[in-house]
There are 2 protein chains.
Amino acid sequence: MEWFMIVVFVISVLSLFVAWFLARQLLKQDQGNQKMKDVASAIREGANAFLKTQNKTIGILAIVFAVLLFGIYAATGKFDVGVKTAIAFIFGALMSALAGFIGMYISIRANIRTAAASKVSLNDGLRTALRGGAVSGITIVASSLLGISLIYYAFGGNPLETPFMIVGFGFGASFVALFAQVGGGIYTKAADVGADLVGKVEAGIPEDDPRNPAVIADLVGDNVGDCAGRGADLFESTAAENIGAMILGIALFPVFGVNGVLFPLVARAFGLVASIIGILSVKMKNENEDPMNALNRGYYVTTILAAIGFYAATMIMLKNIWFFYAGLVGLVLSVLFVYITQYYTEYKYRPVKDIAEASKTGAGTNIITGMAVGLESTALPAVAIAGALMLSYYLGNHSGVLHGGLYGTAIATMGMLATAAYILAMDTFGPITDNAGGIIEMSGAPEEVRKKTDRLDAVGNTTKALTKGYAVGSAALAAFLLFSAYMDEITKLTGKAFDTVNLASVPVFVGGLLGAMLIFLFSAFLIRAVGKAAYYIINDVRAQFKENKGIMKGTQKPNYERCVTIATKGALKEMILPGLIAVVIPVLVGVVLKAEAMAAFLMIGTITGILMALLLNNSGGAWDNAKKYIESGIYGGKGSDAHKAAVVGDTVGDPFKDTAGPSLHVLIKLLSTLTLVLAPLFL
Amino acid sequence: MEWFMIVVFVISVLSLFVAWFLARQLLKQDQGNQKMKDVASAIREGANAFLKTQNKTIGILAIVFAVLLFGIYAATGKFDVGVKTAIAFIFGALMSALAGFIGMYISIRANIRTAAASKVSLNDGLRTALRGGAVSGITIVASSLLGISLIYYAFGGNPLETPFMIVGFGFGASFVALFAQVGGGIYTKAADVGADLVGKVEAGIPEDDPRNPAVIADLVGDNVGDCAGRGADLFESTAAENIGAMILGIALFPVFGVNGVLFPLVARAFGLVASIIGILSVKMKNENEDPMNALNRGYYVTTILAAIGFYAATMIMLKNIWFFYAGLVGLVLSVLFVYITQYYTEYKYRPVKDIAEASKTGAGTNIITGMAVGLESTALPAVAIAGALMLSYYLGNHSGVLHGGLYGTAIATMGMLATAAYILAMDTFGPITDNAGGIIEMSGAPEEVRKKTDRLDAVGNTTKALTKGYAVGSAALAAFLLFSAYMDEITKLTGKAFDTVNLASVPVFVGGLLGAMLIFLFSAFLIRAVGKAAYYIINDVRAQFKENKGIMKGTQKPNYERCVTIATKGALKEMILPGLIAVVIPVLVGVVLKAEAMAAFLMIGTITGILMALLLNNSGGAWDNAKKYIESGIYGGKGSDAHKAAVVGDTVGDPFKDTAGPSLHVLIKLLSTLTLVLAPLFL
């Protein structure tokens, strides 16, 4: 084993230890009074039940796929590769599911402790929630790193051969991530829309009111959608990016030797260390400071340390400063994405203000303006991605290394993902504080504590929006890297240089058209799925209000579990169709139109997917905050006509930003890993 | 001159004569009473004023561009080509503007005659409106054919050289079409939204009520948006497709000689004859028949005759049955598009019914369901286009002609556009009947006549939706043909075979990403422009109600002209930005990233543009009809909560389907002709 891989192993194991230590500390914290414990335990049970049922479904699908994978390779006479790919697939799927489980295990315990800590001080609440998120973030990144390193050596550790054999790991991770995000995304918004439509609109009771039978389902949704879903998403991002970059490193073997192949793992390990230090550094200066500032400081610490770590990794492993610059491009891109997302989704800026103003003339103009904002919000990120790709390509070419350009873009991706653990911690922070707010509300805590959790909740909404932007950006860069890897894979399989995807050829163009089409169709199915699943919940809530008059009076508790069970069943039922088309359509296109058309399918699907995800995420975020802006007292505040119009926009934005958008990131990466693994089928 | 070109000249001149004859007959028809004449003359004045101002603006821009075009070629030492291209550009622009003007000249005179004829019988109304539309349709197709034929011989009539010199004609046509459609599209929806929001929602007066100061502006909008805009759009479609196909024919010169180059013109001429016969055949069986059935019969007659004509043209000119089959593929595709569009936008079918049902739970669910329908509606058309491209490519390859595949796809495009004149007649039928209804309503005609014009209006809405589907489909096919022509042009310019657009190259991928981005950004600007322009109108209507209390009482006439002037100024102001980015961004990308990246920009921009246009057109159409479905008495009918929710959807859909969607078709084709003409810049 190479000496630097020992460093990688040590860092990943130590990081897992840090996560374990943070978790242990967290679990020791105060859980508040019995009322709070009751609420939290109901959320816990619901989330566990969903994850259990979901994992069973995904498990069965994964086993079927593993057998198919083995069969495909075996049929082409590659028995050994088939066994390894199937094992790697199962291993990746298991690790991804485990990472999602651990993240959620902690977040459904951190919520109540954040609620209790907020009673002491806002700073305590902030730190508790962030550390809860940190357990997820660190565990996910460290276990992805450890998993790849382990399987690399388990499969022989040959730098020229092994990376191709472990692509199954990435596909397994994507496969689980897709279903986890799709299922969780449908659950969370179906419960949210269902709870709001019957509770807020029909019955006129406030958000998180204990009389609403769907309220626990709603709080469960935050965990299964945002924690488990995004966790699986970024687990696969890091895994797929690592494997893809290793494959690209093979092309540079004559220059860098094994160092080029294993550099991605070392860079990731250093980034992980930077993120851990960044997380531990977060602290509010005083109780009146905006908690977001504290999180931003931590992010800057992480970014600077990650840059230093990247410099060290590059100079030790590659001894070429140009690749460090390429890595910086990725780091800068991640910061840019955070700023652009803020501009389009926060109410300090013009776009959200426009939407709020348009609400004065009704829901119609609110929606029109929101769509215009969402469509517009794709432009700057696209230009930023374009610039980053061109610049890192130029820097790589400038390095003096033959074919260094492509490796430059790969390194930019590594730079962008260097801060992944910190971003994930911020992301999981969102549902934890959301839940904490719910627990405080439902347990009837004093107004003063509620205000604190409301502030944390608002910060959580911002971090969730930012991390979505980050996820899109990293998906875009990773995708380019992954289809370069796909082309290397085809070259290896056929023994003929496959370096051209000629859009001027009719089948290739058709492949691209169908790739873009899949993005639209997948979004359609997801948005509709939310509507359908919400319908089941609406019917149950109405039925409960009818059956038991004591609920609205507050004398009797609603049957929360029934709603949770219905939401679980509904979401899992609606998950199957979008999940399957995401797998079946690409396979069909690849088999019929072959490898080159498949590459165009992948690339144009990715381009369209990025833009569509940005449109859905940002319009959704902007509508949400336009409503919040009006609630702050503008244009008549809560209850005004403008507010009613803004509520419509918020409802529309929900499935956009929390179901379809995030699922598209996962779809993009699934397409990449799927083509990598199924490449032999497309010849 | 070749003998068959004499046939082309004869057919185009005779067709213009038919159009002139139909127009003369139409103008002789009864114009009803004085009240009707007053309304019609107000519409006429408003439309003329808009077109005049708009053409002035476009004229200035066109002259600037012509000079730039000349400069670009002159700078590269191609003085002669520069002069010819600039002249062709101006000629194309003039012809396109003229075609739009003639179409509108007739439609703003056919409206009142349709209204008067409807008093006699529904059949008379139908035939009057269709013949009004026919004048547009025939004039546009015939003048595009004549224009290209004339300039072909004016520039030397050399089959190997001249087609490259007349590309400026297509670009000129696209240039005018873009601004005409964008400006007209903004005008029509700004006036519509403005009139509805203040009139229907705030003041509570019905649609087309004479007390609404914006009502004339609204009726003018139908003409300038739908007639002039769509007319310019299809003028450029046919022109660009003809020129592109001629360029592709050059590659087959060794096989077909001059016949291959001029075949597109002959095929178009035969299609024109088929369309004229189809139009003249339309007649209702009796007064109770659905007028749509009569139009459909005419469409089938046209399609069958077009197929026969295509067979004759192919066998005479190319003597190869396989290319006839390829043409049939295009004809079948156009019929498929019509059916798919009907499925997604008519309330007989599941999608619109779903939206209507979702309206029961409010505007939020109405919008969510509509978006899902729109996104889903892109799938079947994409598959149909993919199938048509593959099949016609296969048939072309099967013809035994070397490189016949690409020519096969070109011929499929010709097949699709063979029925263009009939489709255009049906399309212009829409605004004429819409206007007729408005005139009847405003002149206070009896209920019975109104019912007839309402029926015609409903048919007009359907035909408008169908022709939009057709326009997208033909834009998709034409685009593939046009970028093949672009590649031939680059080959000719560089003397090196340019047959590969390699998406795996970083700059090419970036070009593609930016192409897709332009589609999103352009849509955003257009949707926002409607909002802004509507705002000017809303303010004026409110001011008029305030200034003059007699208006609402019905004792005093509102100042219609003031509203028309404001709408004109607003639309033209908002037209500039989207129009310019559509021209400037592609030029920038081409100049910086060069020819190959530009090809990817064009191709991926086209793919994304097609899907986005389908999403916008179909969701808009579906929302519109979901509202109409509820108005027919479902879910509580007019005035119910479901209806209010459906009105929100309809408002959202307006700028989607009548501004952004149709402008995207034009943008796609503008990108193609722009790259063709500016190719020397991208080397």
Side-chain angles (χ1 to χ4, degrees), chain A residues 197 201 358 361-365 367-369 371-373 375-376 378-379 382-383 385-386 389-390 393 405-406 409 480 483-484 487 499-504 506-507 509-510 512-514 516-517 520-521 523-525 527-528 530-531 538 599-600 603-604 607-608 611 615 647-648 651-652 655, chain B residues 197 201 358 361-365 367-369 371-373 375-376 378-379 382-383 385-386 389-390 393 405-406 409 480 483-484 487 499-504 506-507 509-510 512-514 516-517 520-521 523-525 527-528 530-531 538 599-600 603-604 607-608 611 615 647-648 651-652 655:
Chain A
L197 278 181
V201 182
T361 36
T365 39
I367 301 289
I368 290 175
T369 313
M371 278 300 291
V373 165
L375 286 163
E376 185 194 311
T378 61
V383 171
I385 293 170
L389 276 176
M390 290 296 287
Y393 182 68
L406 222 49
T409 65
F480 190 77
F483 50 61
S484 305
M487 296 183 74
D499 52 13
T500 304
V501 179
N502 184 10
L503 253 189
V506 173
F509 179 78
V510 164
L513 172 64
L514 296 176
M517 179 275 271
F520 281 69
L521 190 63
S523 307
F525 282 1
I527 292 172
R528 183 156 45 230
V530 172
I538 290 172
M603 289 174 179
I604 299 182
I607 288 176
T608 316
L611 297 175
L615 160 62
V647 168
V648 172
T651 309
V652 172
Chain B
L197 277 181
V201 182
T361 36
T365 41
I367 301 289
I368 290 176
T369 312
M371 280 298 293
V373 165
L375 286 163
E376 185 194 311
T378 61
V383 171
I385 293 170
L389 277 176
M390 290 294 290
Y393 182 69
L406 222 47
T409 64
F480 191 77
F483 48 60
S484 305
M487 297 182 73
D499 53 11
T500 304
V501 179
N502 185 9
L503 253 190
V506 174
F509 179 79
V510 164
L513 172 64
L514 295 175
M517 180 274 271
F520 280 69
L521 190 62
S523 308
F525 282 1
I527 292 173
R528 184 156 45 230
V530 172
I538 290 173
M603 290 174 179
I604 299 182
I607 288 177
T608 316
L611 296 175
L615 161 63
V647 168
V648 172
T651 309
V652 172

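Every chain is numbered from 1, with letters handed out A, B, ... down the list of sequences. No experiment lies behind these values; they were computed from the predicted model shown. No hydrogens, no waters, no symmetry mates; every other heavy atom, side chains included, goes into these values.
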Is chain B contacted by the side chain of A:Thr500, its backbone, both, or neither, given a heavy-atom distance below 4.5 Å? both

Residue among A:Val530, A:Val648, A:Thr608, A:Val506 with most heavy-atom pairs under 4.5 Å to chain B: A:Val506

Below 4.5 Å from any heavy atom of chain A, which atoms of B:Ile368 appear? Answer side chain, backbone, both or neither. both

When heavy-atom pairs shorter than 4.5 Å are enumerated against chain A, which of B:Thr365, B:Leu611, B:Ile604, B:Ile385 gives the highest number? B:Leu611

Flag the pair B:Phe509 / A:Phe483 as yes when their ring centroid distance falls below 6.0 Å, and as no otherwise. yes

Using non-hydrogen atoms only, which part of B:Leu514 is less than 4.5 Å away from chain A: side chain, backbone, both, or neither? side chain

Heavy-atom pair with the smallest gap, counting every atom of B:Ala524 and A:Ala372: CB-O, 3.4 Å

Measuring from A:Met390:CE to B:Leu513:CG, what's the distance to the nearest 0.5 Å? 11.5 Å

Closest-packed option against chain A by number of heavy-atom pairs under 4.5 Å, given B:Leu521, B:Thr651, B:Val510: B:Val510

Quick check on the interface: out of B:Ile607, B:Val647, B:Leu615, who has the most heavy-atom pairs with chain A under 4.5 Å? B:Ile607

Testing the basics here: between B:Thr378 and B:Leu375, what is the closest heavy-atom pair and its distance to 0.1 Å? OG1-O, 2.7 Å

Chain B heavy atoms under 4.5 Å from A:Met517: which part of the residue, side chain, backbone, both or neither? both

Is there a side-chain contact between B:Arg528 and B:Phe525 in this structure, where contact means two heavy atoms from C-beta onward sitting under 4.5 Å apart? yes

Drop me the distance from B:Glu376's CD to A:Ile527's CD1, to the nearest 0.5 angstrom. 11.5 Å

Portion of A:Pro655 that has a non-hydrogen atom of chain B nearer than 4.5 angstrom: side chain

Heavy-atom distances under 4.5 Å only: say whether A:Leu197 touches chain B with side chain, backbone, both or neither. side chain

Identify which part of B:Met603 has an atom lying under 4.5 Å from any heavy atom of chain A, answering side chain, backbone, both or neither. both

Testing the basics here: between B:Leu503 and A:Ala600, what is the closest heavy-atom pair and its distance to 0.1 Å? CD1-CA, 4.4 Å

Among B:Pro507, B:Gly531, B:Ser523, the residue with the most heavy-atom pairs under 4.5 Å to chain A is B:Pro507

Between A:Val501 and B:Asn502, is there a side-chain heavy-atom distance shorter than 4.5 Å? yes

Taking side chain as everything from C-beta outward and backbone as N, CA, C, O, which of these in A:Thr369 sits under 4.5 Å from a heavy atom of chain B? Side chain, backbone, both or neither. neither

